[in-house]
Amino acid sequence: MELILKSNNEQSLAKIIALAKRLDVAVVQKDAEVDSSTARDKIKDRILNFKAKGSSSFGDASDWQRQQREDRELPLS
């Protein structure tokens, strides 16, 4: 089981870690803050400004659609 605790209070976290060690529970600390607004903004900008380095391996979607549907009659009456 994994339990994630987040707090800005260093004393509370120290007490929780000490208790976990006394109870023989493994403690893994990660110092990376994903919730900070600057980290979120960087990730958001990276996603929104993504540019592919090469051409798409899928080709042109409209050409594919035309080829797939060229032999079908449309149900227009």
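Sequence positions, counted from 1, serve as the residue numbers for this chain.
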Closest heavy-atom pair and its distance - Leu13, Ser7: CD1-O, 3.6 Å
Roughly how far apart are [X] [atom1] and [Y] [atom2], rounded to 0.5 Å?
| X | Y | atom1 | atom2 | value |
| --- | --- | --- | --- | --- |
| Gln29 | Ile17 | CD | CD1 | 4.0 Å |
| Ile43 | Thr38 | CD1 | OG1 | 9.5 Å |
| Asn49 | Lys44 | CG | NZ | 10.5 Å |

Between Asp60 and Ser62, a side-chain donor and acceptor under 3.5 Å: yes
Heavy atoms of other groups near Gln68 CD, more than 12 under 6.0 Å: yes
Charged N-O contact under 4.0 Å between Asp63 and Arg66: yes
Common cluster, Ile16/Val27, ILVMFWY with side-chain heavy-atom separation under 4.5 Å: no
